[in-house]
Every structure is written in structure tokens, then in C-alpha cells.
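Order of the sequence lines sets the chain letters (A, B, ...), proteins ahead of strands, with each chain counted from 1.
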Amino acid sequence: MSQQILNEQEVFRRESLTKLREMGIEPYPAALFPVNISSKEIKETYAEGLEKRDLLINELLEGKRVNVVLAGRLMSRRIMGKASFAELQDSSGRIQIYLNRDEICPGEDKELYNTVFKKLLDIGDFIGIKGYVFVTQVGEISVHVEEITVLAKSLRPLPIVKKDEQGNVYDAFVDPELRYRMRYVDLVVNQQVRETFLKRTKLMNSMRQFFNDHGYLEVETPVLQSIPGGAAARPFTTHHNALDIPLFLRIANELYLKRLIVGGFDGVYEFSKNFRNEGMDRTHNPEFTVMEIYVAYKDYNWMMEFTEQLLEKIAVDLYSTTEVPFGETVLNYKAPFPRVSMYEAIERFTGVDISNMDEAQLRVTCRQQGVEVDETMGRGKLIDELFGAKCEGNFIQPTFITDFPVEMSPLCKRHRTNPQLAERFELMVNGKEVANAYSELNDPIDQRERFMEQMRLADRGDDEAMTIDHDFLRALEYGMPPTSGLGIGVDRLTMFMTNQSTIQEVLFFPQMRPEKVH
RNA sequence: GAUUUCGUAGCUCAGCUGGUAGAGCAGUACACUUUUAAUGUACGGGCCCUGGGUUCGAAUCCCAGCGAAAUCACCA
């Protein structure tokens with residue numbers, strides 16, 4: 001057991017804790033506190049229709065007196081002798097509270113105000129108050145406190161962020177390392193961080209509602225998989241002791257959802273935490289969330305319409321408009337979105353029509369366009385590189401890119417009119433991929449061949465090639481109806497919908513190197 | 001993985017060409033019965049990320065390490 005080294009302020013707070021107990025006040029009481037209103041409800045309910053003069057003189061208010069019980073953290077104090085103002089922060093926001101010594105301590109004993117409130121309580125402590133609503137001389141809706149209860153003592157000083165009348169913020173808690181490592185502090189102190197995460201939840205709820213309204217079923221599929229399929233990525237590996245087998249954290253849930261379509265469900269979706277053992281940067285975290293949905297008897301054209309309706313709904317649910325600011329621009333999610341085929345996109349941004357080129361011609365074209373390529377790259381990979389380098393970043397407003405090379409899409413049905421292409425689209429927003437969808441490959445023989453092709457790639461040294469999943473093939477052999485599937489990067493979509501430029505800002509607890517202990 | 005920048009009080013930050021530390025907020029004490037970045041007076045608070053080196057002397061210069069951020073590379 002190592003001795004915790006306390007700074008001066010932590011020592012004071014522990015002393016206050018002891019003194020509270022000596023006074024017979026339990027700093028961590030067990031009983032519930034009968035909260036009956038939130039700070040936001042008070043402000044919304046009483047904001048209108050009350051003349052401040054009417055309310056200022058409390059005696060005049062006897063008839064309209066509004067008793068409230070609320071609780072939260074003490075976030076600031078302005079002590080003026082026998083009266084004090086403070087701010088209480090609950091999950092809905094902050095409200096000013098007013099304490100008067102002789103009202104809190106009606107008898108001779110003034111300890112509760114003089115000692116407990118003024119000395120032993122600190123910023124960050126949880127308290128409960130009972131009192132009534134009033135409006136101050138300058139018009140701020142406040143709570144006049146009649147009873148105060150200690151609910152939980154805070155032993156560490158919070159960063160103090162102050163704001164002036166113009167809304168300028170002083171001493172903001174901004175160090176990203178501290179904010180990510182101690183997200184709880186970040187959330188207490190930075191209102192806008194809290195807003196971002198509320199929007200994230202709203203976004204996911206909006207998606208759920210959309211899918212449920214269509215009658216699709218939310219399901220759960222295995223996170224621990226013995227064959228990490230459905231995507232091309234390096235997995236995290238683990239081991240099951242009882243079975244004595246290696247297991248992998250899923251890199252995708254696609255193959256399981258398709259098994260459920262085989263099983264007879266019309267539409268299934270899952271918010272899937274996926275895990276990929278790859279690099280981290282401002283758009284990649286080792287664990288991340290993808291929403292995948294599979295709908296039977298549909299194709300990728302249907303899915304495009306479904307996707308743009310979904311995105312439009314999300315924007316409206318979050319902002320009551322389809323226009324969402326992002327960085328310097330405004331993204332407009334008003335459906336329909338433009339559809340651009342990959343060949344068209346490449347022609348638009350390079351002036352070269354590659355639709356009839358073979359591998360050798362493509363390699364020359366790439367080099368002419370200044371795209372680095374090597375001899376191991378096949379036709380599909382070359383097109384992908386060309387698109388990534390020359391086109392991708394140009395699609396700022398929501399745009400569907402359609403008809404990818406079939407080699408890059410081993411789980412996707414061949415295009416109905418061009419067997420070199422796949423019936424696949426990606427939704428690009430702000431130059432980044434947000435969603436990916438297929439007319440799903442349901443021909444078991446073609447699927448087996450595609451897996452074999454992946455194995456050949458693996459033998460050639462492509463460590464991202466997919467592993468063959470025999471049970472999945474068996475499922476397809478029983479028959480999967482024509483199906484369209486869609487995957488949406490929830491973290492990335494949240495970034496775009498909340499105007500954040502790093503994934504860390506939309507994950508409560510982004511992956512960090514372990515903190516050093518000393 | 002590469003490059004660059006950063007790491008000083010609980011928080012936000014100063015600290016020049018080397019002379020072992022400052023401010024604001026927060027804290028402590030006192031005053032103050034409607035303040036709101038409350039105010040006034042006084043006082044505390046530092047392994048200057050860690051470890052080496054150069055030097056009479058290092059927060060400062062050099063090297064290494066640890067952590068973070070940005071850019072690039074990689075990456076369905």
C-alpha cells in the first residue's frame with residue numbers, strides 16, 4: 001500500500017470531512033434525497049409570467065410560493081457575511097441558490113451556516129436543498145434555501161472555469177490529456193462536452209426509432225468469435241480457458257447478422273462495438289461503434305434511399321433542420337443525396353476515363369496522376385488508391401459513391417450489368433466514409449470463390465485478407481434471400497453531427513496509454 | 001512508425017541570453033444580509049514529467065526515457 005500524497009487543498013478537505021463527522025453530520029449519508037425538480041425545470045417553469053418585483057419581496061408571494069427540493073454539486077460560492085449566493089449544478093444545468101444565516105439557522109445555533117456551509121463545504125460537494133423559487137433584484141431565477149443537506153463530500157478540488165457576462169470563458173479546463181483521462185472531471189466542468197455526448201445518445205436513439213418504426217429487430221451477436229470475419233483488419237486475440245481455444249474480439253458483426261437473415265428475420269440491426277488492432281489517430285480508436293443493418297428482399301438502390309432518409313431524420317431530430325455546421329462549412333443532409341459512380345468520380349477529378357482500362361493501363365494512369373502504386377496491387381486496389389488520392393476528399397456534402405471494383409468487395413454482389421463492379425455504395429461526408437452498403441452476396445458458390453481469392457491474397461502476403469468462414473458458407477447454402485446491408489460508423493457520424501474533429505471528443509473514454517504511477 | 005511542438009501550484013498560464021520560481025482563479029484567515037468572473041485585506045501552497053550530462057550554478061542548454069497533441073505514413 002503506497003501512501004497517497006495529498007496537496008494542501010486535499011488535506012483541508014479531509015479535515016473538513018472529519019469535522020463534519022465530529023459535528024454529527026454524515027458526509028456520505030445512505031438515505032435517498034427526495035429530489036422533486038431539476039434546475040432546468042425550475043428555470044423553464046418559472047421563467048415566464050413572473051414579474052421580478054412581485055417576487056422580490058417574499059412576503060408578497062405567500063400565495064404563489066413554489067417549494068422545491070433539488071440536489072447537485074456546489075459549483076461556486078459568493079459569501080457576503082450573513083447571506084450567500086452559490087451555484088448548484090445538477091444533471092440539467094446550474095441554478096443560483098441563496099442562503100441566509102438566520103433562515104437556515106432560526107435558533108441560537110448558527111453552526112450550520114457559519115461552520116458547515118461557510119467552512120466545511122467546498123466547491124464540488126454534493127448537497128441537497130429545500131426551499132422556494134424567487135427572482136433576484138437583477139432578475140435571476142434562484143432558489144431561496146431553507147434547508148441544506150450534505151449528500152457527498154468531494155475530496156479533490158475541481159478545476160474552476162469562470163464565465164463573464166459576455167460569455168467569455170476564463171481558465172477553461174482544456175488540457176486534452178487531463179480531460180480524456182479524467183472524463184468525469186471534464187463532464188462536470190465543461191458543459192459543451194456534456195452536450196456532445198447527449199447528442200451522441202440522441203443520434204443513436206434516432207437511428208433506433210427509425211429502424212424500429214420500419215419493424216426491424218435489434219439483435220445482439222457474439223463479440224468473441226473464433227473466426228474474426230466480415231472485414232479486413234487485424235483482430236485482438238484472447239484465449240478461452242475452459243475450451244482451450246483462441247478467440248478473437250470481433251472486427252465486424254456482418255456475417256452473424258446475415259446468418260439471422262438466413263434464419264428468417266426480415267430486418268435485423270445491431271450497434272456493434274468492434275475491435276481492430278491497428279493504429280490510433282484522430283479518426284481511429286481500437287474499439288469503435290458501427291451500426292449494421294440487413295434487410296431482406298432489398299438492394300443497394302433501396303438502401304441508398306433508406307440511408308438518406310435516416311441521415312435527414314437524424315439531423316432534424318438533433319437540430320430541427322437538415323443543415324448542420326461542421327468546421328468552416330455547413331453540411332446539408334436534405335435528401336436525396338447525389339449519386340456518383342466510382343468511375344465517374346475518377347473521371348471528374350482526373351479527367352481520365354478508366355472504365356475500360358486493364359491493370360497495366362491503370363498502373364500507368366496512377367503514376368501519371370502521382371499516385372504511388374506497386375506491382376502487388378491488382379486492378380481493384382489500383383482503382384481504390386486512385387479514388388482515395390484524387391477524389392475522396394472532394395466530397396464534402398453528403399454524396400453516395402457507387403459501384404466499386406468487385407475485387408475490393410468480397411461480400412458484395414456483382415453488379416447486375418457489369419461483373420467487374422460490385423453493387424456497393426459508400427456515403428461520403430466531409431471527404432470521409434461514413435457508411436458502406438451492399439446488395440449482399442447471397443450466391444454461396446460465388447461467395448466460396450471470393451473467399452478462395454482472399455486466401456490466395458493472404459498467401460501472397462496480404463495480412464488483411466479475410467479468413468474463410470465455413471459455417472457462414474453453410475448458412476448461405478441453405479439460402480439467403482436477396483438482402484441489402486448497411487454499416488454506419490457511429491463515432492464518425494457523431495463527429496460530423498456534433499462538429500468535432502477528433503474521435504476522442506465523441507468517445508467517453510478514448511484509448512490512452514496507461515498513466516504512469518509514481 | 002516518422003517529424004514537430006508541449007509537460008512549471010488543484011486549474012489556466014508567465015518565467016528572455018543559465019543565477020534553484022511568478023500571476024489569475026481555486027485554498028486558508030478576517031470583514032461583508034441580493035451577489036453573479038462578487039468585493040476588500042492578509043497568508044499559505046512547487047520532486048519546475050523522470051533519469052543522465054555540461055556548468056561554480058539548470059525550470060532554462062544537451063542526451064535518453066515517459067506521457068500528450070499536431071502533421072505525415074499506415075489502416076474498409
Nearest-angstrom distance from the residue atom [atom1] of [X] to [atom2] of [N]:
X       : N      : atom1 : atom2 : answer
E10(A)  : A9(B)  : CD    : C1'   : 12 Å
K153(A) : G27(B) : NZ    : P     : 11 Å
N114(A) : U33(B) : CG    : C1'   : 12 Å
E372(A) : C75(B) : CD    : C1'   : 16 Å
R282(A) : C75(B) : CZ    : C1'   : 14 Å
R77(A)  : A31(B) : CZ    : P     : 15 Å
N100(A) : U35(B) : CG    : P     : 14 Å
E177(A) : A69(B) : CD    : P     : 7 Å

R513(A), CZ atom: more than 12 neighbouring heavy atoms under 6.0 Å: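 Not buried by this count: 12 neighbours or fewer within 6.0 Å.
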Neighbour count >12 (heavy atoms, 6.0 Å) for atom CE, M452(A):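 No - once you tally the heavy atoms of other residues, nucleotides and ligands closer than 6.0 Å, there are 12 at most.
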Whichever of E87(A) and M182(A) has its nearest RNA chain B nucleotide further upstream toward 5':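 The residue mapped nearer the 5' terminus is M182(A).
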Would you measure the distance from the [atom1] atom in [N] across to the matching atom in [M] and give it in whole Å?
N      : M      : atom1 : result
U39(B) : G24(B) : C1'   : 16 Å
C32(B) : G40(B) : C1'   : 9 Å
C61(B) : A23(B) : C1'   : 26 Å
C74(B) : U3(B)  : C1'   : 15 Å
U60(B) : G22(B) : C1'   : 15 Å
C56(B) : A73(B) : C1'   : 48 Å
C16(B) : G53(B) : P     : 24 Å
C47(B) : C66(B) : C1'   : 16 Å

Looking at [X], I'd like to know whether one of its side-chain N or O atoms comes within less than 4.0 Å of OP1 or OP2 on [N].
X       : N      : answer
R181(A) : G67(B) : no
R179(A) : C11(B) : no
Q96(A)  : U34(B) : no
K162(A) : A26(B) : yes
R78(A)  : U35(B) : no

[X], nearest nucleotide to its side chain (from [options]):
X       : options                : answer
F85(A)  : U35(B), A37(B), U71(B) : U35(B)
A83(A)  : U33(B), G27(B), C11(B) : U33(B)
Y170(A) : C75(B), A69(B), A37(B) : A37(B)
P157(A) : U34(B), A69(B), G10(B) : G10(B)
M80(A)  : A73(B), A69(B), A38(B) : A38(B)
I160(A) : A26(B), U34(B), A68(B) : A26(B)
D175(A) : A69(B), U12(B), U71(B) : U12(B)
D281(A) : A26(B), U34(B), A73(B) : A73(B)
Q9(A)   : U33(B), G10(B), A69(B) : G10(B)

Residue pair N285(A) / Q511(A), side-chain donor-acceptor N/O under 3.5 Å: no
In the strands shown, is [N] matched to any nucleotide by a Watson-Crick or G-U wobble pair with both distances under 3.5 Å, and which?
N      : answer
G45(B) : none
U39(B) : A31(B)
G51(B) : C63(B)
C74(B) : none
U4(B)  : A69(B)
C13(B) : G22(B)

For [X], report the nucleic acid contact type (base, sugar-phosphate, nothing); a contact means any heavy atom under 4.0 Å.
X       : value
D102(A) : base
V174(A) : sugar-phosphate
E140(A) : base
F12(A)  : sugar-phosphate
T502(A) : sugar-phosphate
A172(A) : sugar-phosphate
N168(A) : nothing
K119(A) : sugar-phosphate
R513(A) : sugar-phosphate
Q166(A) : nothing
L178(A) : sugar-phosphate
R276(A) : sugar-phosphate
N7(A)   : sugar-phosphate
R101(A) : nothing

Exercise: identify the closest heavy-atom pair between R250(A) and T221(A):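 Nearest pair, atom of R250(A) first, then T221(A): NH1-O, 3.0 Å.
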Geometric class of the F395(A)/F387(A) ring pair [parallel <30°, tilted 30-60°, perpendicular >60°]: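 Judged by the thresholds at 30° and 60°, the geometry between F387(A) and F395(A) is parallel.
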Geometric class of the Y98(A)/F85(A) ring pair [parallel <30°, tilted 30-60°, perpendicular >60°]: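 The rings of F85(A) and Y98(A) sit tilted, inter-plane angle from 30° to 60°.
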Donor-acceptor pair (no angle test) under 3.5 Å: E8(A) side chain, G44(B) base: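 Yes.
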[X] and [Y] ion-paired at < 4.0 Å:
X       : Y       : value
R379(A) : E359(A) : no
D446(A) : K413(A) : no
E254(A) : K258(A) : yes

Approximate separation, where rounding is to 0.5 Å, of F425(A) CZ and N301(A) CG: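 Between atom CZ of F425(A) and atom CG of N301(A) there are 9.0 Å.
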